[in-house]
Amino acid sequence: MKQAIVARTDIGMGQGKLAAQVAHASLSAYENADSQLRDQWKRGGQKKVVLKGESERELHELAAIADSEGIPHAVVRDAGHTQLEPGTVTTLAVGPAADDRVDRVTGDLALF
């Protein structure tokens with residue numbers, strides 16, 4: 001079990017903003033998972049990986065694949081209080097789900 005969080009590299013988020021957006025994505029996708037997946041992931045150590053995404057379009061394309069595969073996911077839009085314009089898509093979390101299912105969506109992306 002794992003979760004992959006894809007963060008955009010094209011919008012210049014600072015390290016603190018990046019960390020906050022990754023956390024938002026992780027929690028949101030977790031909340032979208034059913035209780036069995038949540039429990040299994042928690043018992044397994046809540047494995048996560050953060051990956052590089054090149055654009056908003058890429059995040060939406062990956063979200064559509066996750067949706068078609070029935071994998072819990074969440075797209076995060078920033079509130080716009082600090083560095084970014086309101087509504088800017090920053091991250092996508094895919095999973096928690098079995099490693100191979102998450103890899104079918106995000107396996108070609110580089111580590112952040």
Side-chain angles (χ1 to χ4, degrees):
M1 296 287 294
K2 73 177 175 183
Q3 184 181 67
I5 301 98
V6 183
R8 287 178 61 187
T9 59
D10 64 323
I11 54 176
M13 287 185 280
Q15 290 180 347
K17 172 61 83 178
L18 174 64
Q21 297 302 301
V22 166
H24 289 318
S26 178
L27 182 57
S28 294
Y30 170 82
E31 291 173 337
N32 289 336
D34 66 35
S35 61
Q36 181 180 3
L37 283 174
R38 289 192 306 260
D39 291 344
Q40 188 177 359
W41 187 55
K42 284 170 63 175
R43 285 191 311 271
Q46 301 175 1
K47 181 168 67 170
K48 297 170 205 70
V49 60
V50 181
L51 305 169
K52 294 179 181 180
E54 295 180 357
S55 66
E56 179 177 348
R57 179 179 179 163
E58 181 177 37
L59 270 60
H60 286 299
E61 289 171 353
L62 295 169
I65 295 168
D67 193 49
S68 71
E69 295 284 332
I71 301 170
H73 62 284
V75 174
V76 173
R77 292 180 180 276
D78 191 64
H81 298 301
T82 57
Q83 298 177 9
L84 304 172
E85 292 297 317
T88 301
V89 172
T90 58
T91 49
L92 162 72
V94 178
D99 288 14
D100 63 328
R101 295 188 73 213
V102 173
D103 288 345
R104 284 197 296 265
V105 179
T106 63
D108 292 333
L109 300 176
L111 289 172
F112 206 99

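All values below come from the heavy atoms of this structure, side chains included, with hydrogens, waters and symmetry mates left out. Only a predicted model underlies this, so the values are computations on that prediction, with no experimental measurement involved.
Taking every heavy atom of both residues into account, Ala4 and Val102 meet most closely at CB-CG1, 3.6 Å. The heavy-atom pair separating Leu51 from Leu111 by the smallest distance is CD2-CD2, 3.8 Å.
Legend: ring-ring contact (aromatic ring centres under 6.0 Å, His included) pairs involving residues 31-73, not counting sequence neighbours, sorted by first then second residue: Tyr30-Trp41. Sequence neighbours left out, not one pair with a member in residues 18-32 passes salt bridge (charged side-chain N to carboxylate O under 4.0 Å, His left out).
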Acceptor/donor pairs from residues 8-17 side chains to any protein atom, 3.5 angstrom cut, sequence neighbours excluded:
{"unit_1": "Arg8", "atom_1": "NE", "unit_2": "Asp10", "atom_2": "OD1", "d": "2.9"}
{"unit_1": "Arg8", "atom_1": "NH1", "unit_2": "Val89", "atom_2": "O", "d": "2.7"}
{"unit_1": "Arg8", "atom_1": "NH2", "unit_2": "Asp10", "atom_2": "OD1", "d": "3.4"}
{"unit_1": "Arg8", "atom_1": "NH2", "unit_2": "Asp10", "atom_2": "OD2", "d": "2.9"}
{"unit_1": "Thr9", "atom_1": "OG1", "unit_2": "Gly53", "atom_2": "O", "d": "3.2"}
{"unit_1": "Lys17", "atom_1": "NZ", "unit_2": "Asp78", "atom_2": "OD1", "d": "2.8"}
{"unit_1": "Lys17", "atom_1": "NZ", "unit_2": "Thr82", "atom_2": "OG1", "d": "3.0"}

* Asked: Run the side-chain contact (heavy atoms from CB on, under 4.5 Å) check on Phe112 and Val22 step by step: do they pass?
  -> CA-CA 11 Å; Phe112 206 99; Val22 166; over 6 Å; no
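Remark: Ala33 pairs with Leu37, Arg38, Pro72, Pro96 by the side-chain contact (heavy atoms from CB on, under 4.5 Å) rule, at least two apart or across chains. Ala25 is linked by a side-chain contact (heavy atoms from CB on, under 4.5 Å) to Ile5, Val76, Thr91, Ala93, counting only residues two or more places apart in sequence or in another chain. Annotation: salt bridge (charged side-chain N to carboxylate O under 4.0 Å, His left out) contacts of Asp108 (sequence neighbours excluded): none. Applying the side chain to side chain donor-acceptor pair (under 3.5 Å) rule to Thr90 yields the partners Gln21; only residues at least two apart in sequence or on another chain are considered. Scored by the side chain to side chain donor-acceptor pair (under 3.5 Å) test, Ser26 finds Gln3 as partners (sequence neighbours excluded). Applying the side chain to side chain donor-acceptor pair (under 3.5 Å) test to Arg57 and every residue at least two apart in sequence or in another chain returns Glu61. In this view, Lys47 and Lys2, Asp99 satisfy the side-chain contact (heavy atoms from CB on, under 4.5 Å) rule, not counting sequence neighbours. Applying the side-chain contact (heavy atoms from CB on, under 4.5 Å) rule to Glu54 yields the partners Glu58; only residues at least two apart in sequence or on another chain are considered.
Here the CG atom belonging to Leu62 is positioned 12.5 Å from the CG atom belonging to Asp67, to the nearest 0.5 angstrom.
Taking hydrophobic clusters as Ile, Leu, Val, Met, Phe, Trp and Tyr residues chained together by side-chain heavy-atom distances below 4.5 Å, Met1 does not share a cluster with Ile71. Under the 4.5 Å side-chain heavy-atom criterion for ILVMFWY residues, no single connected hydrophobic cluster contains both Leu59 and Leu18.
Between Arg77 and Glu56 the shortest side-chain heavy-atom distance falls below 4.5 Å.
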